[in-house]
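In this chain, residues are counted from 1 in sequence order.
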Amino acid sequence: MDTIEIDEAAARTGSTPADLRRLIELGILTPDADGRFTTGDVRRIGLVQGVVAAGIPLDGLSEAIRSGQVSMAFIDAAAFDRFVSPIDVTFAQLAEERGVPVELLTFIREAAGSGVPSPDDRVRNEELPYVDLIEMQFKAGFRTSSIQRMARVEGDSMRRIAETQSAMWQHEVIEPGIAAGMRPDETLGNEFGDRMSVLSERAVVAMYHMQQTRAWTTGIIEGLEAMLASAGLHTRAEHPPAMCFFDITGYTRLTQERGDEAAADLAEQLGRLVQRESVRHGGRAVKWLGDGVMLHFPNPGHGVAAALDMVHGVVDAGLPPAHVGLHAGPVIFQEGDYYGQTVNLAARIAAHADPGQVLVSQTVVDACDDEAVAFTEIGAVELKGVDGTTQLFAAGRPR
């Protein structure tokens, strides 16, 4: 096992040799016979820094370790190899070496959710793959805003995955272990945890590849359609996409009456229903909004059919009734989300709908070619925040 001197250990963790000697005196760190440290020790130093930042006194931590009530040995496990540590190069040096603006490289850490580093801060090992990617994109002429947007989306998506995984480990491993008489640290760093870490990482990459296949296939089909249309061999029906807002009625009141646990169960049931029906009708859920969800459908008629099935589905599942609004028109796609007047109007239409009702705009009716959907004219309606009146229709199944 490679070991490092105290000066290098201090530099990698942003500490001083005096800081580390203090940890040795307190029995928190134990270097080898030559006074050298392992990579596990480097991770332990970083963990101690987090403990201190959280307001836990070093003396109290030291006493707990000496008495055997707390152990930090788990940090030596292979699963914690992913804890990042700096290398011996700064952002400024790497930017000059790669021919990339230093602001693009420091943005990597910002996108990961940490504070913005200075150009003189040292780069971390786990940031190097992103440096390679950004260098390639920058030299290929990619716009800075596009590079940063992609990094920000990936950082936020990975944050949600990592935090959800951590919460699952807490609920499924640590809490049952404590109930069985184990200390929290005794549930960490074991063979099961190492294996789970490897499998989870492989699963995340596999899921990314599945999503990548779907996105690329959509792009390929659109490109083929455009080429066939240009050759006069295919005419694509020009229907604008539809945005759909699906909201649960009385969600806030239900949460207050039944508590957070009931709200979480409701969200879980709603999530499964919405995901199943939206995919079945060729759409997808874009984002969750607490009491509902925003969805995108390339075909407005399919969006209406999905909305009707979802409204009936929540009733069959014993959930509170839902109200839905749809509007079709041009949208702006950015950072995995949709923006524009079409989105805003769809949200306003949903807010106007009664429980159990699916309301749509004239553009949705005009674009709908689904014989399994019928519309009843509501008339011109004034919607909050929308100038003038909007012609609305109630969607339903034909008699």
Side-chain angles (χ1 to χ4, degrees), residues 43-44 46-56 61 70-84 109-115 124 126 151-211 248 251-252 254-256 258-276 284-294 317 319 335-337:
R43 296 196 292 266
R44 210 171 341 268
L47 183 59
V48 170
Q49 291 171 333
V51 166
V52 172
I56 299 175
L61 177 62
V70 170
S71 171
M72 300 181 73
F74 65 85
I75 203 70
D76 293 314
F80 294 94
D81 286 344
R82 65 196 68 249
F83 276 40
V84 296
R109 191 169 300 176
E110 181 181 352
S114 299
R124 297 169 179 168
E126 290 299 310
R152 188 164 49 242
V153 169
E154 291 176 342
D156 186 60
S157 299
M158 291 299 105
R159 173 192 59 78
R160 295 181 62 191
I161 291 172
E163 289 179 353
T164 303
Q165 286 180 338
S166 180
M168 181 179 69
W169 183 269
Q170 177 74 25
H171 298 321
E172 301 297 333
V173 178
I174 295 180
E175 291 176 1
I178 293 173
M182 299 172 66
R183 295 197 315 261
D185 59 272
E186 293 175 327
T187 64
L188 301 170
N190 54 30
E191 183 179 347
F192 177 77
D194 289 345
R195 182 64 176 156
M196 272 284 292
S197 177
V198 172
L199 292 178
S200 295
E201 187 169 308
R202 285 170 53 188
V204 167
V205 173
M207 181 59 73
Y208 167 64
H209 287 163
M210 286 186 274
Q211 296 294 342
I248 288 292
Y251 179 86
T252 302
L254 179 71
T255 301
Q256 293 172 343
R258 301 186 187 179
D260 293 339
E261 194 68 31
D265 290 341
L266 172 61
E268 178 68 20
Q269 293 181 66
L270 181 62
R272 288 197 301 269
L273 171 67
V274 168
Q275 178 69 11
R276 181 174 62 247
R284 72 178 184 89
V286 178
K287 62 181 177 181
W288 301 93
L289 305 166
D291 59 350
V293 60
M294 183 176 88
L319 300 174
E335 298 190 16
D337 204 348

**Student:** About how many Å separate CZ of Arg124 and OG of Ser114, when rounded to the nearest 0.5 Å?
**Tutor:** 5.0 Å
**Student:** Shortest non-hydrogen contact from Trp288 to Leu270?
**Tutor:** CH2-O, 4.4 Å
**Student:** Supply the atom-to-atom distance Gln165 CD to Met196 CE, rounded to the nearest 0.5 angstrom.
**Tutor:** 7.5 Å
**Student:** With sequence neighbours excluded, tell me which residues meet side-chain hydrogen bond (donor to acceptor under 3.5 Å, both in side chains) with Gln170.
**Tutor:** none
**Student:** Over all heavy atoms of both residues, which pair between Ala151 and Ala111 is shortest? Give the atoms and the distance, please.
**Tutor:** O-CB, 3.5 Å
**Student:** Closer than 3.5 angstrom, by distance alone: can the side chain of Arg44 be matched with the main-chain N or O of Met72 as a donor-acceptor pair?
**Tutor:** yes
**Student:** Check each of Arg160, Arg152, Arg159 against Asp156 using the side chain to side chain donor-acceptor pair (under 3.5 Å) test, and report the only one that passes.
**Tutor:** Arg159
**Student:** In the structure I gave you, are the side-chain heavy atoms of Ser200 and Met168 within less than 4.5 Å of one another anywhere?
**Tutor:** no
**Student:** So Leu273 and Arg276, do their side chains get closer than 4.5 Å, heavy atoms only?
**Tutor:** yes
**Student:** Nearest 0.5 angstrom please: His171 NE2 to Ser166 OG, how far?
**Tutor:** 9.0 Å
**Student:** Rounded at 0.5 Å granularity, tell me how far CZ in Arg284 sits from CE in Met294.
**Tutor:** 8.0 Å
